[in-house]
Peer 1: 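Structure incoming, see below.
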Amino acid sequence: MNQSTLGIVKPDAVKAGSLGAILERLESGGLTVVGLKMIHLTGEMAQGFYRVHRNRPFFDSLTGFMSEGPCVVMVLQGENAIERWRDLMGATDPAQAGEGTIRKDFGQNIERNAVHGSDSPESANIEIPYFFNALELAG
Ligand code: ADP
Ligand code: MG
C-alpha cells in the first residue's frame with residue numbers, strides 16, 4: 001500500500017550536521033521525499049504538534065528542545081511508508097534502538113533522538129497538514 005508519512009529531522013540532528021546522512025538513509029531505505037522544508041518552530045507550534053503528549057512529564061522539555069533550533073519537516077512516500085520509516089528510525093530511546101537504525105546512530109538520548117515519524121495513518125493525516133498544504137507536495 002502506497003502511503004505518506006510525516007518525518008522530522010529534529011534540531012539535535014540538524015545542528016550536528018546529520019541531515020544529509022539521514023536523507024541518504026531514508027532514500028536508500030525505499031522512501032521518496034515529496035515535501036521538505038526547514039523551519040524553526042516556535043514553542044507554541046511545538047506544543048501544538050505534540051499536544052497528544054501534553055500531560056506527560058517530559059512535555060515542556062520536549063517542546064523546548066523542538067523549538068531550540070531549526071528542524072527539517074518532510075513528507076515521505078512509499079510502500080508501507082509509515083512502518084518503513086519507523087523501522088528505519090528505530091526505537092524511541094536510542095539506547096534501545098537496533099543496529100543500523102537512525103536513532104541508534106544519530107540520537108543522543110530518549111528526548112534528543114534525531115528524528116520523528118508518524119505512528120499511524122490517523123496521525124499522518126493530522127501531522128502532514130500541520131506543516132504542508134497540498135501545493136507544497138509533489139507526487
Ligand atoms: P516516538 O517519537 O518514538 O513516536 P513518543 O511519541 O512516545 O515516541 O514520544 C514523542 C517524543 O517525545 C520522542 O520522540 C522523544 O523525543 C520524546 N520522549 C518520549 N519519551 C520521553 C521520555 N521518557 N523522556 C523525554 N523525552 C521523551
Ligand atoms: Mg510518537
Side-chain angles (χ1 to χ4, degrees):
M1 182 189 15
N2 198 46
Q3 276 182 334
S4 297
T5 190
L6 184 87
I8 304 179
V9 180
K10 294 184 178 183
D12 58 330
V14 171
K15 189 174 180 190
S18 303
L19 175 62
I22 291 170
L23 289 172
E24 206 283 321
R25 295 277 184 107
L26 69 89
E27 287 189 318
S28 60
L31 293 166
T32 301
V33 178
V34 299
L36 182 147
K37 58 189 165 191
M38 181 170 277
I39 179 170
H40 190 151
L41 298 178
T42 63
E44 288 72 20
M45 287 177 77
Q47 287 163 14
F49 180 73
Y50 277 120
R51 60 194 174 279
V52 296
H53 294 309
R54 64 190 173 278
N55 295 320
R56 300 284 199 94
F58 56 81
F59 182 72
D60 287 350
S61 177
L62 170 63
T63 54
F65 157 54
M66 289 300 291
S67 55
E68 76 180 24
C71 63
V72 171
V73 293
M74 52 198 180
V75 178
L76 309 176
Q77 237 171 43
E79 189 66 17
N80 292 320
I82 293 171
E83 188 182 355
R84 187 181 289 251
W85 176 229
R86 299 278 310 186
D87 287 347
L88 289 167
M89 291 197 309
T92 305
D93 184 352
Q96 310 292 327
E99 291 297 326
T101 63
I102 294 169
R103 281 168 163 170
K104 172 85 173 179
D105 292 342
F106 301 103
Q108 295 161 57
N109 56 50
I110 195 168
E111 178 174 282
R112 305 174 72 85
N113 58 1
V115 282
H116 166 85
S118 306
D119 63 7
S120 65
E122 295 71 30
S123 299
N125 284 340
I126 294 169
E127 293 178 358
I128 291 169
Y130 193 79
F131 291 114
F132 293 91
N133 66 49
L135 290 174
E136 296 173 307
L137 300 176

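For ligands, and for the atoms within them, numbers begin at 1 and follow the listed sequence. Remember, it's a predicted structure, so these values are computed and weren't measured experimentally.
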Peer 1: With heavy-atom distances below 4.0 Å as the criterion, list the atoms of ligand 1 near N113.
Peer 2: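 Answer for ligand 1: 13 (C), 14 (O), 15 (C), 16 (O).
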Peer 1: Just to confirm my output: which protein heavy-atom neighbour is closest to atom 12 (O) of ligand 1, and how far is it?
Peer 2: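 That would be L62 CD2, 3.3 Å.
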Peer 1: Run down the list F49, Y50, F58 and name the one with the heavy atom closest to atom 20 (N) of ligand 1.
Peer 2: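 Going through F49, Y50, F58 one by one, F58 has the nearest heavy atom to atom 20 (N) of ligand 1.
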Peer 1: Does ligand 1 have a heavy atom under 4.0 Å from the side chain of I110, from its backbone, from both, or from neither?
Peer 2: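 Under 4.0 Å from ligand 1, I110 contributes backbone and side-chain atoms.
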Peer 1: Looking at non-hydrogen atoms alone, which of H116, K10, M89, R103 comes nearest to atom 2 (O) of ligand 1?
Peer 2: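 Result: the heavy atom closest to atom 2 (O) of ligand 1 is in R103.
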Peer 1: Which residue and atom name correspond to the protein heavy atom nearest atom 16 (O) of ligand 1, and how close is it?
Peer 2: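 The answer is E111 O, 2.8 Å.
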Peer 1: Identify the protein heavy atom lying closest to atom 8 (O) of ligand 1, giving its residue, its atom name and the separation to 0.1 Å.
Peer 2: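 Atom 8 (O) of ligand 1 sits closest to the protein heavy atom T92 OG1, 3.3 Å.
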Peer 1: Looking only at heavy atoms, which two atoms of F106 and A21 are closest? And how far apart?
Peer 2: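 For F106 versus A21, the nearest heavy atoms are CZ-CB, 3.7 Å.
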Peer 1: Please name the pair of heavy atoms, one in M45 and one in F131, separated by the smallest distance, quoted to 0.1 Å.
Peer 2: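 The answer is CE-CE2, 4.4 Å.
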Peer 1: If you measure from each non-hydrogen atom of H53 to ligand 1, which part falls under 4.0 Å: side chain, backbone, both or neither?
Peer 2: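 The side chain, only.
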Peer 1: For R86, state whether at least one heavy atom is located under 4.0 Å from any atom of ligand 1.
Peer 2: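 A heavy atom of R86 does come that close to ligand 1.
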Peer 1: Ignoring hydrogens, what is the shortest heavy-atom contact between V14 and V9? Give both atom names and the distance.
Peer 2: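 Heavy atoms only, the tightest pair is CG2-O, 3.6 Å.
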Peer 1: When you measure from the heavy atoms of D119 to every atom of ligand 1, does any distance fall below 4.0 Å?
Peer 2: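 D119 does not count as a contact of ligand 1 under the 4.0 Å cut-off.
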Peer 1: Salt bridge or not for E99 and K104, using N-O below 4.0 Å?
Peer 2: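 Answer for the salt bridge query: yes.
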